[in-house]
Amino acid sequence: MYSEEVLKKLYADMILVRLSEESLVEPILSGDVKCPVHLYSGQEAVAAGIGAVLNEKDSAFGTHRSHGHYLVKGGSVKEMIAEIHGKSTGCSKGRGGSMHLYAPDKGFLGAAPIVAGTISLAVGAGMASSIRKDGTVAVSFFGDGAVGEGVLYESLNLAALRKLPVIFVCENNLYSTHLHISEIRPNDEIYKIAEPFGITSFRVDGNDVLEVYEAAEKAVEQCRNNNGPVFIETLTYRMRGHVGPDDNIQGTHTDIRPAAEVEDWRQKDPIERLKKYLLENGVADVEELDLIEREIQQEINEAYVFTNDSQLPPKSELEKYVFSK
Amino acid sequence: MSSANRKLQYSLAINEAFHQMMESDESVFLIGQGVKSPWYVGKTADGLIKRFGAERVIDTPVSENGVTGAAVGAAIAGMRPVVMHPRMDFMLYAFDPIINQAANWHYMSGGTSSVPVVIWGVVNRGGEQAAQHSQAFHALFSHIPGLKVVMPATPYDAKGLMVAAIQDNNPVVFIDDRWLYGVEDEVPEELYSVPIGEGIIRKPGNDVTLVAVSYMAHIAHKAANSLEKEGIDVEMIDLRTVKPLDTEIIFNSVKKTGRLVIADGSWKTGGFAAEIIALVNENIFDHLKQPAVRVTLPDIPAPASADLEKSYYPDEGSIISAVKSLIKN
Ligand SMILES: Cc1ncc(C[n+]2csc(CCOP(=O)(O)OP(=O)(O)O)c2C)c(N)n1
Ligand SMILES: [Mg+2]
């Protein structure tokens, strides 16, 4: 059984991610937010389930769609919202925007939008861990689209060969921009790509946070015992556009997903599922869950106040941060 | 409407080049990530799949290295592929097939094998997209022996240079800019090509030579027209090709004006502007009345935040001040 503490953390983390994401819809549509934003709504169970087994010393790398990864790793909501608005108080000081989130003090070593570009970097963090023998684990988050890039296979081989403590987390949401997985792969069983390297691999329901959490627990234990990398394919779905709230109303027409399919997945909402579990098993009652939600909403509201009170970096600071001192 | 003055958008001019080349030559095919999606390629691929089928218009997995290598290999095997990268930034995964293989192939084989491939990369910047979604790498590719690099600024040249690139027996890096996609101008309906390696004088003048390519040529042309109204007579040259450079057109102009400004949409150090200055210094140094001036990006990655982004990209005003700085002295 799961501890009450874990269950509530999973719930709170998913709520934090969902409410943060949804809070961005208005600012994007109104033009307050101008940078490209890839919302994570619908996929929260993956970030939360994996995040729950990590500590601050463990590292993680993400992608263009990494608000959730950053937040569950302990990245500050305030600094994320400020970053997305280009403010100098943002987690990347306004230099990166939504696609470049960093919280190295929390082990979130970075997100960047070159597809598959951070997978080998996570292997590097695993290598650092194995050289230092510090027992930390490195997580690489990437999408089904990244499975097309050769660097993934090089990374799997290297991690397996060196028995590096790396968890490869593929979030298979069935689409990479305008293409369904059937158009980019001869089969849809992504988890099997790890098998030839002798890497333990799982395929889990990525909208079931408990299933993700269990796989993550096994993975992290294997890594900490120096038994080599683990690959987890999570089957999930994004409830928003590829970029922005809704590709079709925003005119990019990348969202070619059938309405019935979207609706089908709406029924599998990961937050609703955990909520049901918590209530049915008497872990929490409605009031308590509402309170969690209200407190998190309050935190997000404060993030907007912080953002509004913050300045854009001035032109005079254009040259700042090109080189480290 | 006569064919001569029909107007077309830049993106549709590229599209017309594909329609005509794929129609006239069965060895031509288009491959790249997003050819099915206007979000990636604007209107450049309109109607191609419908007309030529998914065998010759291939949308791909996110696999830049493999896909570019396949295009290079198909070219070696006798086809004339165009491989599209919706952003130049993504092309970096494909450096090996472009540089180690395609660029060197003809030479390494002692001329027994050639690589008629077009590697098409789009510069797609602005909109707070930050460092990995903004880069322009023409200087980098022009450094490589065996590669030709073209950068059209007008719809006419976009069509003509795409046709020339496809017809060329060497690997050609064709670079366009999303900021130009909506620009409309005259484009002949018939199939024609613009010779690779030939610049063009957009506006003749006697006071200052202003050289640019691609989007910066578009802006520089405007700047030259604005300066005209202030009585400053700029000769604006759109080089159109970054490699091989049309040195003759530059030298003839600088011999006349004695003053040189280069406007470039990429970084300063080791860049396109630096190369032109080096050539002028080597060959016609005595004709320069003053040191040449560069208008480029600063040596800084592209920032996201609005004000930083605004000051990062040179505009018409930056070019005008550069020209005036030479006139004042
Ligand atoms: C190297 C590279 N090629 C192409 C792109 C354009 N691109 C941005 S997101 C994306 C699809 C990613 O799909 P997936 O990995 O499944 O992630 P998802 O968007 O579904 O979260 C692509 C191809 C890119 N950012 N980087
Ligand atoms: Mg995906």
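Naming convention: chains lettered A, B, ... in sequence-line order (proteins, then strands); numbering from 1 in each chain. Atoms considered below: every heavy atom in the structure, side chains included; atoms not considered: hydrogens, waters and symmetry mates.
- With chain A as partner, the option from B/P298, B/G126, B/G127 having the largest number of non-hydrogen pairs under 4.5 angstrom is B/G127.
- By the neighbour-count criterion of 12 heavy atoms within 6.0 Å, atom CD of A/E189 is densely surrounded, having more than that number from other residues, nucleotides or ligands.
- Considering OG1 of B/T60 and CG of A/L179, their distance stands at 8.0 Å, rounded to 0.5 Å.
- B/D307 is not listed as a side-chain neighbour of A/P313, based on a closest heavy-atom distance of 4.5 Å or more.
- Taking NE2 from B/H133 and SG from A/C35, the interatomic distance works out to 11.5 Å, rounded to the nearest 0.5 Å.
- Top candidate by heavy-atom pairs under 4.5 Å with chain B, chosen from A/G90, A/G117, A/G94, is A/G94.
- When heavy atoms are compared at a cutoff of 4.5 Å, B/E64 approaches chain A by way of both its backbone and its side chain.
- Annotation: side chain of B/S37 is not in contact with side chain of A/T177 (no heavy-atom distance under 4.5 Å).
- For the pair A/E149 and B/Y93, the minimum side-chain heavy-atom distance is below 4.5 Å.
- Remark: A/K87 NZ is packed, more than 12 non-hydrogen atoms of other residues, nucleotides or ligands lying under 6.0 Å away.
- Contacts between A/V151 and chain B at a heavy-atom distance below 4.5 Å involve the side chain alone, from C-beta outward.
- With a threshold of 4.5 angstrom between heavy atoms, A/E83 does not approach chain B through any atom at all.
- What you find for A/K34 and B/A306 is that their closest heavy atoms are CE-CB, 4.4 Å.
- Taken from OH in B/Y40 to NE2 in A/H178, the straight-line distance is 6.0 Å, to the nearest 0.5 Å.
- Of all heavy-atom pairs spanning B/A304 and A/G97, the tightest one is CB-N, 3.7 Å.
- Counting heavy-atom pairs closer than 4.5 Å to chain B, the top residue among A/S316, A/G145, A/G150 is A/G145.
- Contact detail for A/L312 and B/S305: the closest heavy-atom pair is CD2-OG, 3.7 Å.
- With a threshold of 4.5 angstrom between heavy atoms, A/A146 does not approach chain B through any atom at all.
- Using a 4.5 Å cut-off on side-chain heavy atoms (C-beta onward), A/V322 and B/D299 make no contact.
- The environment of B/W267 atom CH2 is dense: over 12 non-hydrogen atoms of other residues, nucleotides or ligands sit within 6.0 angstrom.
- Across every non-hydrogen atom of B/S311 and A/L318, the tightest pair is OG-CD2, 4.0 Å.
- Contact count against chain B (heavy-atom pairs under 4.5 Å) is highest for A/M99 among A/K93, A/E317, A/M99, A/R185.
- Ranked by heavy-atom pairs shorter than 4.5 Å toward chain A, the options B/Q129, B/Q33, B/K310 are led by B/Q129.
- Put simply, of B/G34, B/S63, B/A131, the one with the most heavy-atom pairs under 4.5 Å next to chain A is B/S63.
- Side-chain atoms of A/E183 and B/K36, non-hydrogen and from C-beta on, do get closer than 4.5 Å to each other.
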